[in-house]
Amino acid sequence: MTLPPRISHALADLRREQQEPVCAYLYDLPALRERVRDMRAALPANCELFYAAKANPEAAVLRTLAPLVDGFEAASGGELAWLRQHCPGHPLIFGGPGKLESELEAALAGDLDAFHVESLHELRRLAALARRTGQAIPLLLRLNLKLDEAPDSRLVMGGKPTPFGLDEEALDQALAVLREEPLLTLKGLHFHLLSHQLDVAAHLQLIRAYCRTFRRIAQDAQLPLTLLNVGGGMGIDYRDPHGAFDWPGFCDALHQLVAEEGMADVRLRFEIGRYIAAPCGYYAMEVLDIKRNHGEYFAIARGGTHHFRTPAAQGHDHPFVVVRGEQRAEIEEQTVTLVGQLCTPKDVLARRQPIPALAVGDLLVFTLAGAYAWNISHRDFLMHAPPRMVFLED
Ligand SMILES: Cc1ncc(COP(=O)(O)O)c(C=O)c1O
């Protein structure tokens with residue numbers, strides 16, 4: 001694996017400029033732009049691509065994506081306010097469980113494409129809010145489907161007991177509330193059953209099930225539904241960076257699925273996080289120390305899982321590239337465990353990795369670090385300085 005020239009040059013600049021050892025996140029914004037443009041272009045005409053901001057809400061990332069996506073998904077009042085600040089005028093949806101009353105009110109006070117309703121209680125609270133304010137409230141019901149075959153991945157949010165979405169058994173009650181409340185406007189249904197999906201055929205099967213459920217519910221309840229949000233969840237394979245979800249292959253088959261299921265008149269909305277943002281991010285750590293302990297080599301580098309929790313959170317060895325400095329190699333052709341500066345044995349980014357040559361002062365550059373990385377990390381632990389944040393443009 002090699003680094004793009006833009007990243008290599010930026011790392012060389014950092015080394016030159018900095019007195020202290022390097023510890024930085026680098027974001028390749030032109031690559032992000034190109035990726036999302038290609039993703040959007042491959043989708044059938046009736047599809048929309050929203051970005052799930054929880055994957056990486058950095059303002060520069062959002063601003064890069066804003067002209068290229070159809071809108072953004074917020075999963076908290078904080079994300080919603082942040083999106084309104086940094087992407088004004090772009091369509092926003094507000095989902096997530098356990099919304100506060102103040103968050104519902106703030107969401108309604110500005111432009112909102114739709115609320116994603118997670119429970120009967122939340123629907124009733126929205127009905128009360130609509131009555132109180134006299135404002136119409138656009139919404140989608142999030143359903144936790146029962147499928148013949150439960151979906152399978154490393155992060156499943158539905159198709160089994162979870163806190164997410166309404167049970168189908170609660171649907172009749174939800175529809176009864178909607179019939180009583182003319183200010184609640186049901187635009188469609190929302191499904192997001194899993195993340196880390198690597199299997200295109202399995203995902204198409206899931207989307208087919210969503211389409212059929214959508215049609216059945218619309219028909220049974222005589223509802224003019226026009227919008228089906230099929231969630232996100234396309235996976236990145238951290239163990240094999242070339243094994244990611246095959247988006248072009250998926251989109252090719254999706255054209256056919258839309259035709260077969262008679263869905264061309266329905267808007268299919270994706271709200272994707274990881275698959276859009278992960279490849280644009282790099283986390284670089286300079287090697288501070290190399291030692292042998294109980295027969296194994298460890299490279300201790302500046303930073304750690306308090307900046308980059310992804311490998312610890314997912315339980316994997318994260319892919320990386322070694323950028324050699326000018327120093328003579330201290331070890332050659334050795335197996336090395338890559339760790340950070342925290343005084344916990346859990347601060348491991350990759351275990352027992354074969355490394356051709358390594359010296360103090362070299363850089364370990366972790367790829368696929370643009371999603372669920374810095375923003376999910378326990379950054380205050382041990383009070384180390386934060387990483388430099390570098391947003392690269394052309
Ligand atoms: C409701 C919902 N939509 C979209 C996403 C984005 O998922 P991913 O980043 O896997 O695409 C998530 C992730 O948790 C989610 O919960």
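Note that ligands are numbered from 1 as they come in the structure, with each ligand's atoms numbered from 1 the same way.
- Side-chain N or O atoms of Thr337 include one that pairs as donor or acceptor with a backbone N or O of Arg352 at under 3.5 Å.
- Taking every heavy atom of Gly232 and a limit of under 4.0 angstrom, the matching atoms of ligand 1 come to 11 (O).
- Within the 4.0 Å heavy-atom shell around ligand 1 one finds Tyr372.
- Among Ala371, Ala278, Gly233, the residue whose heavy atom sits closest to atom 8 (P) of ligand 1 is Gly233.
- Using modelled atom types, no side-chain atom of Tyr282 and backbone atom of Leu3 make a donor-acceptor pair closer than 3.5 Å.
- Each of Arg40, Met39, Arg35 was evaluated against Ile276; a single residue qualifies, Met39, per the side chain to side chain contact (heavy atoms under 4.5 Å, CB included) test.
- Under a 4.0 Å heavy-atom criterion, Gln197 is not in contact with ligand 1.
- The shortest separation from a heavy atom of Gly231 to ligand 1 is not under 4.0 Å, leaving the residue out of contact.
- In summary, the atoms of ligand 1 found under 4.0 Å from a heavy atom of Ala52, numbered by their order in the structure, are 6 (C).
- Taking the six-membered ring where the residue is Trp, the centroids of Phe245 and Phe250 are separated by under 6.0 Å.
- In the candidate list His190, His192, His196, His192 is nearest to atom 16 (O) of ligand 1, counting heavy atoms.
- Within the structure, the closest approach of His116 to ligand 1 does not fall below 4.0 Å when heavy atoms are considered.
- Taking the six-membered ring for Trp and the full ring otherwise, Phe94 and His116 have centroids separated by 6.0 Å or more.
- Salt bridge annotation for Arg6-Glu393: absent, with no cationic side-chain nitrogen under 4.0 angstrom from a carboxylate oxygen.
- Counting the atoms of ligand 1 from 1 in the order shown, those under 4.0 Å from a heavy atom of Arg274 are 8 (P), 9 (O), 11 (O).
- At least one N or O atom of Glu271, backbone or side chain, sits closer than 3.5 Å to an N or O atom of ligand 1.
- Remark: side-chain polar atoms of His190 are not paired, donor with acceptor, to backbone N or O of Asn229 under 3.5 angstrom.
- By the 6.0 Å and 45° rule, Arg142 does not stack over the aromatic ring of Phe115.
- Every atom of ligand 1 with a heavy atom of Gly273 under 4.0 Å away is listed here by number and element: 8 (P), 9 (O), 11 (O).
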